Structure formats: C-alpha cells, structure tokens
Trainee: 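The structure that follows is given in the form of structure tokens.
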Amino acid sequence: CQYIIPAYGSSCCGSLSRVKFWSSNYGLIDFQVWKETAPNVYELTHTFNYYVPEVNATLTVYTGNDILIEKNDVIGWYSSGDDIIPYSITTVDQNIQLSGVPGFSVGGTYTLNTPYITGRNYGIQFSVADSSKPYFTNLPQTVTVPDTVAIGTYVYTVSYSDPNAADIPYITIQKNNAPEFTLNTATGEIHTGSTLNYGTYTVTIEITDPCGRSQQKNLIVTVINTPPEILNLPSSVDVSESIQHETLLYALTLRNETGSDTVTCSLNTTSPEGAPFLVKYISGTADFGVYSLASPNFDYDSNSSFEVVVDCTDSINTASESLFVYLIKNSEPVVHNLPNVITISSSTPVGTILFAVNSTDHENDQLTHSLNYCIKCPFTISQSGHIFLKTSIKDASKFSYNLYIVVSDKYGTVTDKLLTILVTGVNSVPVVSNLDQTVNVPKTVAVGTVIFTAIVSDADGDALSYQYEYGPVETMWKFSMDETTGKISVIEALDFGADIALYKFSFTVNDGKASAPKATLSIIVQSRNEPPEFAHQVYHVSRDEAKSGSKFADPGFVVSDPDAGDTWTYKIAGGDDYGRFSIDASTGILQFQTDYIVDKPESMQPSVVLIIAAVDTQGTSGTTTLSVHISDANNKTPYFPSNQYHVTVIYDVPVTSSVAYITALDDDFGPTYNQISYHIEPILDHQYFDIDGNALLTTAKSLRHFENGTKLLTLIKATDKGNRQSSVTVTVNVVPGTSNSFFDDPETVAWFAALMTLLVILLGAAVIGLYRYCKYGYVFSKRGLCTSCDGKKVHFEKGGNYEKADTDRRDSRVSISEWSGDNGDGTMWMPSKFDSWNQRANTRGLPAVVEL
C-alpha cells in the first residue's frame, strides 16, 4: 500500500538525518518525502528503500545528508506486501492510504481525491537536521583585465559548494552590484557588460541554499591601462653629416588601443648626451617625428652614430624606444678639370682670368678655393675658383709655375690639385750648374793644372759675359778661368809668395738681360798629408765567447795625427779572414759580427790577431796590432746522453761490485769547465750505491735481502767546474740468481776448494803407489811386507800360485788394498777386488760379479 501522511509535515528546513520506525513485518519498504505543490496536490521529491530485517522492533535508518527536507514537506512510504509499519488509534491524525497503487517515482504527483483516514497514529518518525550555509570555493579573488576588452568578454567563473549535498542543486546565485558586469546564474560565469575604464571594480556575488542560508563574497576586477606602442621603433636612419637645417629624420607610428587616451611623445635622452635632436608633431598632422636641430654641427670623425630615446605616454603608462641615427660621412668635393696645364704669355695683363676650377659637391655644400705654397707667386684665386694674374710677369725669369689648388667644403678638403702654368716669351737666365763647391789642392800643385771645370749654360744661346770676384785679392794672380770651356787652372805656384790656405774664386755670368747668381769655388791649399799614428804597437782585449753584436772592452787606442785638425776613423785592416769581427769607426770598440764559440777550437780560435788601421780624411792610414783573446764561457751544462738508465744486477753480488758506467758529457771547450764530477743525491735508494770520478756506479751495501728481486732508484748528479749541474735517474733491477747451484754460496765454494785440494793430494799418492805396484809388485818395500806377513806366503783367492798372483797384480786386476786375517792354515788371504761388491750385493739381493 502507498501511504501519505499530511499530518506529519515538517516544521523546519534541513537534511533528513534518520528514519525511526516500529516493524511489524519483514519486507522491502520505500521511504518517501512529498511536497504539496498546490492545494491537495503532492509531488514525490525523494525516496529510498530499505529491507526490514526483523519484526516487532524499533529500527533506525540513517540516511546521510543528501535528502533535502523543506518546511511543510510531508512523509510517506510504500510497501508491496503486508503492512510493515503498524499504527495506534488516535483522534487527530489525518492519513492517506492508497490501496492497490503500485507506487510512485520521484517527480510523480498525487491529487487528493480520497478522504483522509483518521484516527491512526503510525509508528514512524523522520528526523530533520539543520542544514549548513553554502560557501564559495574560489572567492574572494582578484583578476586583471585590460581596458581594451570588448563587451561580453569572459572574466571569471564563480564556483561554490554546500556541506549538505542535498542543498547544492537548489542553491541560487545573484550579483548584487557592479552593472559593468553580468552573471550567468546557471554557470556562474561573469562577463563584461559595458566598456571598462582604467581602475578597480568590486563585484559582490551572493549564494542562497533552499533553506534561506546565504553567503556573500567579492570578486575584485582590476582594469589595467594598455600602454601606447611605438610600432616602428627600434629602428635606424642614415643622415648626412652636412645637413644644416632642422630636418625630419623619422616619422613615428603609434598604436593606442584605448581610444579615449591622448598620447604625446617627447625626447627622453640621447647618447652621447646632448645630441642635437628633438621630438615634436609633424607639421599639419597628428603624428610625431624625430628631427635634427638646425645647425647640428655633426662631425663624422668625432662621433658617427647616436641613440635617440623617444618616450610616448598616455598619462598613465609610457613606452620608450630607441632610434639609432648613423651619420653618412660627407663626400669630399670633386675637382673635374685638375690637374691641368695651361700656357700664357709673359705679356699677359694683370687681372686677367687665366683658369676656372670646375668643382662640385655631392651634398651641394658651399665650396671655397685657395692656393697652397703661393706666398710670392704672381697669381691668386677667388672663392669661386677663378685664377687671376695678380702681378706682371713681363720681366719674370721663370718658364713655368706650379699652382696647388685647395677645394673645401665645411667638412672635407681636397688639397694640392696641380695646375701648371707655362709662360712663353721669358728670357732664360744663364745657369752655373755645379757651383758653389770646395776643392782641395796640394800646395805643390803644378802651374797649369786644371783644378775644376765650371758648367755654364744659357737656354737661349745668348752671348755671355763674366764678372769676377777674388778673396783674397791674391786669388786673381793664382787662378784663372777659360770662359769658353769653364776650366779653372793654376797660373802661379801656390807656394810662391804669401802662405794662404784658402782662396775664393767667384764670378757672375750675364746674357745681356739677366745675370745668374754668383758662383763660388772655394780652394783649400793643403800641405803634405801625414798618416795618423798609434802610440803602441800592440793593444790587447779579451772577453768570454758570446752572441753576435756582443762588444769587447775599450782597447784604449791612443792615436795622433801630425796634420792639425785632421780626424780619423778605425777599420779592421787584416786578420779577420772570416768576417767574425767589426769595429766601431769612431770609438774603436770591437764586437762580434757572428756568434763566437770556442768550444770547438778547430772552428773558432780562442786567440786572434787583428790589424787595426786609423784612416784620416785624406785616406792615409796608420796601423797597430790588436791581440784578441776569447775565453771559453761556462755556457754549456753537463748532460747525460739518455734521459734514464736501466741496469740489472744479481742480488748476491759482492759489495763494491761494478753496476754500470753512467757517464755525462759537457760541450764546453778546454779543461776549465768540461771536467765533470759525480755524486749520488741522498734521496730515493741512494744508500745502496756509490759512484766514482770515472762515472762507475758500484754497490755500496749488500743486496742479498732482495733475493726475490726488486727495483732500486738512485739519482746521479753531474757537476762541472762552473757548478752547472744536471741529473738522471738510474733504475737498478735487482734479480734473483739464475739457479740454486751448490756453488752459488761463497762459503761452500771455500770449503769445497779445500776438500778438492786434499783429494788431489790423495789421488797423487794413489797414482804413485799404483806405479810401484805395477813395476815392482809391491807398494812399499819387500822387506817391510815380509816382516808384516811373518814370512808367510800370499795365497790368491782362487787357489792360484804366487806367480799367478804376481801376474794378476801386473794386470791390475787384483786389489791388495787390504789384507784378511789369518785363515788358520798358516797363510794370509788376499781378497778379490770384487769381494767387497759381492758382499754388499748379497745383502741387497743383487747378482754377484765374478772375475774374468
């Protein structure tokens, strides 16, 4: 049956926490929550089933918090079999019992058309717990959006939850302020509802659960300003260094997405600081540009580039970018018609324009013209490049003039462009081409001797006249010139009359129009020249061998010259066959001309004798001997031919045994420095070895405790007389003996030698005895033998007679080295040489040996 109990309406709002009832039957029961949606119309909002496991007991079913109970909701249940929940009789309760109804699903409705069943009080109780407040899971929060966002742009999604799971589907959400934004109550998304301005907006969001419990939180929306942009910076621009006017160098392209902002641009800074630039509106536009100032005085050589930093602001944010300005070096002026050659007449009037310089400038700069090196020349040039005759050249003697023109703009100059002006109708002045000069003549020069020939010419072939000057006046009597040939001769002996040392013979030559400058021949009269003289016949210098260019000490040459005022220089006149020396011509100090090494005397001698000459200005010389001694310098270090040495010795060699020669070499020449001494450094295994003056390495201690072999290291140092040193490491491999021979022990060898000596003596005695026995039949004398045998006969072992025995002795087949005792028959028994063997063989079970 289906039961709906309107009398059991909820007086509060919350979550169904448990159902408590009395069971009267087993079976499955559906517990239900109904809501009255209209008068006498009920809708099933929640249901859950439970199997009743026992009867006649109070059972409690805990439902959790996922079933919402609102105020005035009523309870109900459904069971398909026998009634499970009993009732008691009452007078007030109103109940609905629907017999034969199969049950309802959530969302199903029932309209009351059956009278209430009254007077029943069912044994069932629904317990409702107060619900908790809903809460935001991501508020409060701050978000940032630009002021350029479009209307309807998504901003944020609000999320929330409720401790009572049953409340969540019924929570409502609303926005309480901020009309600039919209809220989607279904999704919780917040969007922009209008244009946003730079600043901060607070959006308050409220959520409410079905029981009326609510919470408010704020979303802070920060609207940031979008700064202006300089779209075409950074960039660069090339500018001529010669510009002079204020010039637009670069137009700025700006973008400001916030259309309501006003953007202005200005110059921030320049590098180098204070460079001549500015930023301003481009005339007639709303755009900004970068300008160069008027008369910027750019100089490419001083500074060829600049950085101009531009700021553009909308009063909130500022964008800064750089424009790099590169100067183009000013082009030099171009002269198109120089160098050049023109011809004018010597009669050309003053003020005549002779030539116009054709020059241009790539930047159209103002050009100026001037002349170089034209201080007294008869020409001038105007600023525009016109060349004028400034003074008359009618009487000029020059056939040509070289004018060096300078063309300049403010930044560059073209210099020394040559214009050659040839002048016609000019008289050629006579020329004396080889005077003034000085000649030396001996006092004894013969009369008639030509001492000099003057070269006189005239390009025009005019007749020439001469005018002479003499100093002193005696010159006119001593010398004369043939005007046809120019030869100047001696006409009177110089040693006749006054003793004059200097004569000056001067003349000028004239072609009837102009005279050449005065020409003078200075004549010095010399007495007979004497050679310089050294004060000593032999001088000495010495030093160590050295590199090329190394100098000797001053040899102290003392030189004199009988000719007063004469000077001299030094040179090597002999003895230096191989060019190994040079001498300072003024000081006489000797130096090596090559690397001089006397370590190999067969190549360079330690002693050299040089002939030194002192040569005066007339080429006369005197000589002396310079004895040069070059000493061997200790410039070579002893060295070992090998970087390391490895030698091997047997561990039981006697002390002081030779190990190896470790010999060093020294390339120094002579006995002074190439004498080498050796010693062992007190490191490594030095205590086991010694080395003598001949470089022989020997053992200093016994090595027998290294019988299993080892490696010993010793450092040998070689030192020459000059205390130059080098060292080498010697590795001595100590190895075991090659065998365990009886003779490896020296003590065994000693007693074995003594034993062998004794054996040799005994062997010698045996040989002598054998000889006597073989020759005489006895070793000792017969007399002695008979005496010892008491006159008894000797009997052979096998019963032979005496003679037979004597024969056997001679055949050396019978031994008489021992005698037996008395056999009792009055004879002495002499055993066979095999008896001793046979006795031992019998003992050991070996076959006997019989005599042949």
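Throughout, numbering of the chain's residues begins at 1 and tracks the sequence. No hydrogens, no waters, no symmetry mates; every other heavy atom, side chains included, goes into these values. From a predicted model like this one, the values you see are computed outputs, not experimental measurements.
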Trainee: Quick check with a 6.0 Å cut-off and a 45 degree axis cone: is K280 positioned over the face of Y291's six-membered ring?
Mentor: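 Satisfied, under 6.0 Å and within 45°.
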
Trainee: Mind running side-chain hydrogen bond (donor to acceptor under 3.5 Å, both in side chains) on N138 and S159 for me, showing each step along the way?
Mentor: CA-CA 6 Å; N138 61 349; S159 63; 3.3 Å; yes

Trainee: Does atom CG of N40 have more than 12 heavy-atom neighbours, drawn from other residues, nucleotides or ligands, at distances under 6.0 Å?
Mentor: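 Yes, enclosed.
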
Trainee: When you measure from the side chain of N49 to the backbone of I29, do you find a donor-acceptor pair of N or O atoms at a distance under 3.5 Å?
Mentor: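 Looks like no, no N/O pair under 3.5 Å.
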
Trainee: Any donor-acceptor pair under 3.5 Å linking the side-chain atoms of T204 with those of N218?
Mentor: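 Yes, because at least one side-chain N or O of N218 sits under 3.5 Å from a partner of the opposite role on T204.
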
Trainee: Do the non-hydrogen side-chain atoms of L16 and F126 ever get within less than 4.5 Å of each other?
Mentor: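 Contact flag for L16/F126 side chains = yes.
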
Trainee: Whether the side chain of S15 engages the backbone of S17 through a donor-acceptor N/O pair (distance < 3.5 Å, no angle test) should be reported.
Mentor: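 Not confirmed, S15 side chain does not pair with S17 backbone.
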
Trainee: Salt bridge check: are K329 and D301 linked by an N-O gap of less than 4.0 Å?
Mentor: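 Yes, K329 and D301 are salt-bridged.
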
Trainee: Please lay out, stage by stage, how F181 and L196 fare under the test side chain to side chain contact (heavy atoms under 4.5 Å, CB included).
Mentor: CA-CA 9 Å; F181 300 91; L196 301 180; 3.9 Å; yes

Trainee: Distance from L293 atom CG to E246 atom CD, nearest 0.5 Å?
Mentor: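 The distance works out to 7.0 Å.
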
Trainee: Mark yes or no for whether N164, through its side chain, and S132, through its backbone, hold a donor-acceptor pair below 3.5 Å.
Mentor: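 Such a contact is found between N164 side chain and S132 backbone.
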
Trainee: Pick one: which of S236, S322, S271 meets side chain to side chain donor-acceptor pair (under 3.5 Å) with E307?
Mentor: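 Looking at S236, S322, S271, the match for E307 under the side chain to side chain donor-acceptor pair (under 3.5 Å) is S322.
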
Trainee: Just wondering, do I171 and Y160 contact through their side chains at under 4.5 Å, heavy atoms?
Mentor: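 Heavy-atom side-chain distance check passes, below 4.5 Å.
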
Trainee: I'd like to know if the side chain of T313 and the backbone of N317 have a donor-acceptor N/O pair within less than 3.5 Å.
Mentor: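 Yes, T313 side chain to N317 backbone: donor-acceptor pair under 3.5 Å.
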
Trainee: Could you give me the CA-CA distance, side-chain angles and deciding distance for V334 and T360, then say whether side chain to side chain contact (heavy atoms under 4.5 Å, CB included) is met?
Mentor: CA-CA 5 Å; V334 178; T360 58; 4.0 Å; yes

Trainee: Distance check, rounded to the nearest 0.5 Å: S214 atom OG versus I173 atom CD1?
Mentor: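 The distance works out to 12.0 Å.
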
Trainee: Main chain of D167, side chain of D162: is a donor-acceptor contact present, judged purely on distance under 3.5 Å?
Mentor: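 Side chain of D162 to backbone of D167: no pair is present.
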
Trainee: Heavy atoms, side chains only, cut-off 4.5 Å: are I282 and L248 in contact?
Mentor: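 Side chain of I282 against side chain of L248, heavy atoms only: contact under 4.5 Å found.
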
Trainee: Taking C-beta and beyond as the side chain, do Y154 and T192 meet within less than 4.5 Å on heavy atoms?
Mentor: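 Y154 vs T192: side chains apart.
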
Trainee: Mark yes or no for whether N184, through its side chain, and A186, through its backbone, hold a donor-acceptor pair below 3.5 Å.
Mentor: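 At least one qualifying donor-acceptor pair exists.
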
Trainee: With heavy-atom distances below 4.5 Å as the criterion, would you say the side chains of N733 and K711 are in contact?
Mentor: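 When only atoms from C-beta onward are counted, K711 and N733 do touch, with a gap below 4.5 Å.
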
Trainee: How far apart are the C-alpha atoms of Y3 and Y78, what are their side-chain angles, what is the distance that settles it, and do they pass the side chain to side chain contact (heavy atoms under 4.5 Å, CB included) test?
Mentor: CA-CA 6 Å; Y3 293 91; Y78 170 80; over 6 Å; no

Trainee: Is the distance between the ring centroids of Y42 and Y110 less than 6.0 Å?
Mentor: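 No, too far apart.
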
Trainee: Which pair of non-hydrogen atoms, one from D287 and one from L252, has the smallest distance, and what is that distance?
Mentor: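 Closest approach of D287 to L252, heavy atoms only: CB-O, 4.4 Å.
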
Trainee: Mind checking whether V52 and S23 have side chains closer than 4.5 Å, heavy atoms only?
Mentor: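 Side-chain contact under 4.5 Å: yes.
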
Trainee: Do D311 and S320 have side-chain N/O donor and acceptor atoms under 3.5 Å apart?
Mentor: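 D311 vs S320: donor-acceptor pair found between side chains.
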
Trainee: Kindly indicate, with the supporting measurements, whether the criterion side chain to side chain contact (heavy atoms under 4.5 Å, CB included) is fulfilled by V732 and V730.
Mentor: CA-CA 6 Å; V732 181; V730 179; 4.1 Å; yes

Trainee: Just by modelled atom types, is the L233 backbone N or O under 3.5 Å from a matching donor or acceptor in the S235 side chain?
Mentor: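 Not at all, since once roles are kept as given, no pair shorter than 3.5 Å links the two residues.
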
Trainee: Is there a side-chain contact between W77 and I124, using heavy atoms and a 4.5 Å cut-off?
Mentor: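 In contact.
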
Trainee: Sub-3.5 Å donor-acceptor pair from the side chain of T153 to the main-chain atoms of A150, do we have one?
Mentor: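 Between the backbone of A150 and the side chain of T153 there is a qualifying donor-acceptor contact (under 3.5 Å).
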
Trainee: To the nearest 0.5 Å, what is the distance between CD1 (I220) and OH (Y156)?
Mentor: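 So the CD1 of I220 and the OH of Y156 are separated by 11.5 Å.
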
Trainee: How long is the straight-line distance from CG of D209 back to SG of C13, given to the nearest 0.5 Å?
Mentor: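 It is 7.0 Å, given to the nearest 0.5 Å.
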
Trainee: Indicate whether any N or O donor in one side chain lies under 3.5 Å from an N or O acceptor in the other, for S240 and S242.
Mentor: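 Yes - a donor-acceptor pair under 3.5 Å links their side chains.
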
Trainee: Cation-pi between R18 and Y62: NZ/CZ under 6.0 Å from ring centre and within 45° of the ring axis?
Mentor: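 Negative - R18 is either too far from the ring of Y62 or too far off its axis.
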
Trainee: Please find out if less than 6.0 Å separates the ring center of F104 from that of W34.
Mentor: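 Centroid distance F104-W34: below 6.0 Å, so yes.
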
Trainee: For the atom pair CD (E206) and OG1 (T208), what is the distance rounded to the nearest 0.5 Å?
Mentor: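 Answer for the CD-OG1 pair, E206 versus T208, is 4.5 Å.
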
Trainee: Under 3.5 Å, is there a donor-acceptor pair between the side chain of T247 and the main chain of L249?
Mentor: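 Judged by distance alone, no pair lies under 3.5 Å.
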
Trainee: Check whether any side-chain heavy atom of F640 sits under 4.5 Å from a side-chain heavy atom of I716, and report yes or no.
Mentor: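 Yes, close enough: below the 4.5 Å cut-off.
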
Trainee: To the nearest 0.5 Å, what is the distance between CD (E241) and CG (N330)?
Mentor: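 Rounded to the nearest 0.5 Å, the CD-CG separation comes to 5.0 Å.
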
Trainee: Taking atom NE2 as the centre, does H362 end up with more than 12 heavy-atom neighbours from other residues, nucleotides or ligands that are less than 6.0 angstrom away?
Mentor: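 Atom NE2 in H362 is not packed in, count stays at 12 or less.
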
Trainee: Measure across T270 and A275 and return the closest heavy-atom pair with its distance rounded to 0.1 Å.
Mentor: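 That closest heavy-atom pairing would be OG1-N, 3.0 Å.
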
Trainee: Salt bridge check: are E43 and K35 linked by an N-O gap of less than 4.0 Å?
Mentor: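 Salt bridge flag = no for K35 with E43.
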
Trainee: Before you tell me yes or no, could you show the steps for D30 and Q32 under side-chain hydrogen bond (donor to acceptor under 3.5 Å, both in side chains), namely the whole-Å CA-CA distance, both residues' side-chain angles and the distance that decides it to 0.1 Å?
Mentor: CA-CA 6 Å; D30 291 335; Q32 300 170 336; 5.5 Å; no

